[in-house]
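Chain letters run A, B, ... following the sequence lines, proteins first and then strands; every chain starts at 1.
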Amino acid sequence: MSKKTSQHHDVNPINALDDHEFLAKLVVGIGEVAEITGIPQRQLRYWQEKGLIKAIDGTGITTRRFNYLEIKKILLIKELLDEGFTLEAAANKVEKRMELINSTFKKFKNRHKDI
DNA sequence: ATTCTTACA
DNA sequence: TGTAAGGA
């Protein structure tokens, strides 16, 4: 297609399965996250420092990397702050939401152990 | 070029 | 929080 050496299979823009594959592999640096979300790097580092979000950890990795789930949390925190919640309140709401989501899917998981 | 920590306004 | 310094 393009001239490049992208040895990738085509990704259909209206295929949800491709979206999942893409999102599952997505790993982004702090600069890109800041650029796209509009949240300053300074703030992202602060949130991580406070434990609201976590960067991908790996031996040898010195720079912050964020995955799909963390980016979703980042967007949620931003919304909550815009709505007027304090950072601490936002942190509690995010934690509560993650617990709800995890416990809920854990139940589905147990009902579908056959998968 | 990009990110990191530390520190000060 | 924004920004600057100085190292990786």
Taking the side chain as everything from C-beta on, heavy atoms only, tell me whether [X] gets closer than 4.5 Å to [Y].
| X | Y | result |
| --- | --- | --- |
| A/Leu52 | A/Glu95 | no |
| A/Phe22 | A/Leu17 | no |
| A/Phe66 | A/Val27 | no |
| A/Ile115 | A/Lys113 | no |
| A/Arg97 | A/Ile101 | yes |
| A/Leu100 | A/Lys96 | no |

Identify, with sequence neighbours excluded, every residue that meets side chain to side chain contact (heavy atoms under 4.5 Å, CB included) alongside A/Glu32.
A/Val28, A/Ile36
Sequence neighbours excluded, the answer for side chain to side chain contact (heavy atoms under 4.5 Å, CB included) partners of A/Lys93 is A/Leu80, A/Phe85
Note: A/Lys73-A/Glu70 ion pair, threshold 4.0 Å (strictly below):
yes
Span of DNA chain C in contact with chain A (heavy atoms, under 4.0 Å):
C/dT1 to C/dT3
Does A/Ile74 form a side chain to side chain contact (heavy atoms under 4.5 Å, CB included) with A/Val33? I'd like the steps, not just the answer.
CA-CA 9 Å; A/Ile74 287 170; A/Val33 173; 4.0 Å; yes
Residue pair A/Gln41 / A/Ala34: nearest heavy atoms and the distance that separates them
CG-CB, 3.7 Å
Nucleic acid contacts - residues 39-47 of chain A versus DNA chain C, non-hydrogen atoms under 4.0 Å
A/Pro40, A/Arg42, A/Gln43
For DNA chain C, the residues among residues 62-95 of chain A that have a non-hydrogen atom under 4.0 Å from it
none
Would one find more than 12 heavy atoms of other residues, nucleotides or ligands at under 6.0 Å from atom CD of A/Glu83?
yes
As a check on the pairing definition, encode DNA chain B in dot-bracket form, counting Watson-Crick and G-U wobble pairs whose two distances are under 3.5 Å, and using | for partners outside this strand.
.|.|||||.
